[in-house]
Amino acid sequence: MKNYCFLLLSGCMMFCFGCKQARYQTPEKGVSFSLNEERKKSIDSIHYEIELDIPAGKNERITGQEQISFVLKSQDRPVVLDFSADGKQLISVELSGEKISYTFENEHIIIDPRNLEEGKNTISIRFIAGDLSLNRSEEYLYTLFVPDRASTCFPLFDQPNLKATYSLTLKTPETWEAVSNGGLLSKTADGSRSIYKFGKTKPISSYLFAFAAGKFFKISESIEGRNMTMYYRETDSTKVARNRKDIFNLHAKALSWLEDYTSFSYPFEKFDFVLIPSFQYGGMEHPGSVFYNESALFLDENASVNKEMARASVIAHESAHMWFGDLVTMDWFNDVWLKEVFANFMAAKIVHPNFPRINHNLRFLLAHYPNAYEVDRTAGTNPILQDLENLKNAGTLYGAIIYMKAPIVMRQLEKKIGDMLMQESLREYLKTYAFGNARWDDLIGIIDKKTPLNIAEWSAVWVKTPGMPEYLVIGDSIQQKKDAVSGRIWQQKLVLGKIAVDSLLLNFPNSDGTGYGYFEMDSAAKSYFVRNYAQKKDTLLSNPVFRGSVLVSIWEGFLRGAGPQPDVLVSDILRTLPKEQNPLLVDYLLGNLQTAWWLFLTEESRMELQTDAENSLWGLLERTKDKGIKTSYFRAFKSIAQSPDGLVKMESLWDGKLEVKGLVLSEDDKISLAYELALKSPGNTKLILEEQLKNTKNPDRKAGMQFVVPALSADPAERDAFFQSLKKPENREKETWVLTALSYLHHPLRAASAIKYLRPSLNILQEIQLTGDIFFPGRWLHNTFAGHSSKEAAAVSKAFLSENPDYPYYLKNKIIQSTDMLDRAVELKR
Ligand SMILES: [Zn+2]
């Protein structure tokens, strides 16, 4: 382990348990690394019996009681339970029916060890459950306890390496469904209440304990002996019917694939999943009760191949977590990346055979490299393996480096040692640590035993240090530029592609797209590539992976000031698009087009290119036969269109007067059309939004719209009021709504009037980290700054950082990451 900070907060109350015991300091808030280590040593065999009484009203309190039994191995220190709530929520603490003395400090229940026995103890606690991580709506609620949020709901030992078994009883309103990790033992009626008793779980980490209850529909299916139940809220029964078979099949396939690969049967008692509207993530891997964002699984009729792939991937990802993360769990949250990388790594392997027509190398390239670079090119980047001194900051570890770079690194590791050895090592790892915990270095240890290569050395650079290498072509080889930070050597195999033109040989570094880093290209190669884009006769140019790799390098170069000029880049992309039929590359090009359009073009250049861009995109939208690509062009057109003609087209698509053959617009498309129209034709804002609100059938989407609408108002005072309302945590509860609202509040067309929101948004960042979900601080920052490209906006973040020199390290990095594109835009527009 690293050198963790063992400093405790100064000014803490000192405890004294008589002469024999050492003086003991009250633990700081959250779970510090030292508390984690102490408890791991002194406590095991934990079982929780939890009963929660959930009333119908979302504002009525939930009362609870629990028995915590555990084996205490030594009485040296007090027993510390975590309960991140107000002391008033703690009603009683008893041992064998007798009240015992305890203190409640820094969100911990601290019990004098002399009240307990060495060996088994059972503590009974009555409490009022905290709502913070219960995500309560009128008709349902669900838990999201990762990384250390279980303790906001009920008292427990909230750390991943104290795995425990859980038995849950839920009392709910009569008509509600309920689901949890354990199988349902019984459902009984008690007047107007239903009582759900769930069976004892296998040993799981506290962040994986979960339940959902409320008005859910449910469907059960059995595929090859595997019973699964899907809970969902979607009211559009056609949509459900269209997707249901695929969803069950994808799960069944993923699970049996994993059983095969790991040679370890599905480790938990049952497998259900819950589809939740506006769920914070794509999915969350609670064993036996996976939660998903409903919209990621119920696809619209016009879903692109990317969407289908994303759905298959998220299902495979969460399924893989049952083994990687749930069965074997990281010891401490600094290794959280490990479960994420395995889940992604397995998902890629699982999804490939299901989509034989997709170019998987290209998909891997475009799904991972650009997103990883987005963080790794910034000064705020971090290594894959980070230090973590207190669990309460675990959320800050998450991001593109974990989700995007780590899979690339893992793939390189597999290439290095071979896929057989990889599989063999992973099987040993799962067998050795089943229902327990392990670290990255434990796996490296297993691999290092089996190979003569020095994997620890490789890991020291790729996993334990931040940043990306830079390369240039010298003569006939690709050479790493001297690493500015530490002189590191980034071991990886690189391929140099060459195209002969007349008497010249043009160089295309990283032509197979597997290398990680910035590959500098010369302008002759770049311009040849654009002029001869996707030329069929040439083996390189006709290869989509090659095109993807070069496009990524060109974009990296563009952001680093190596040219071309923004307006040239936009024109190049517009010229390239008609030659591209690969949906993944079309999406990538359109993404870059929109970023360049809104952030890097000056207003004058935008005006010059407006007609051309709209006409090109509209023409492609009409001509393209592929439904998915058509939708991509529709979305790009919707984003860019601003001319009177473009707005008329958008409005006619929105009100149904205009139809494009093959283009099917979902309710979500209609809503976002309405948003764009409201933004771009301020005279009609109110009318359009009211009309759309009236036409929106789904109650969850309707509620989302009602939330977002004030952020789109043409009246600045109304937008100010909306922004002010975000300062109250209760108005940030539906985070996906907040993020949508922020993207319009700070839309490039409104950026000038939104600069005044930037500083206050930074001011509440720390509070947002405390009240919001783990991804939320980063996303809050991203959606706040993503629409800005002005010097003034850049100055706000600079001033904030210089005025707060001791700002928390991880949050500071998130700010630097989120404003990197803004800084580059300012630089390039000069
Ligand atoms: Zn995951």
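Quick caveat: nothing in here was measured; it's all calculated off a predicted structure. Each ligand, and each atom within it, is numbered from 1 in the order the structure gives.
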Does a sphere of radius 6.0 Å around NZ in Lys253 hold more than 12 heavy atoms from other residues, nucleotides or ligands, not counting ones at 6.0 Å or beyond?
-> no

Where does the angle between the aromatic ring planes of Tyr281 and Phe279 fall among parallel (under 30°), tilted (30 to 60°) and perpendicular (over 60°)?
-> perpendicular

Check: Tyr207 ring centre within less than 6.0 Å of Phe333 ring centre | yes

Any N/O/S atom of Glu318 sitting less than 2.8 Å from the Zn ion (ligand 1), backbone or side chain?
-> no

Cation over ring, Arg411 on Phe364, under 6.0 Å and within 45°?
-> yes

Give, rounded to 10 degrees, the angle between NE2 (His321) and NE2 (His317) as seen from the Zn ion (ligand 1).
-> 90°

Atom nearest to the Zn ion (ligand 1) - Glu340, N, O or S atoms considered | OE1

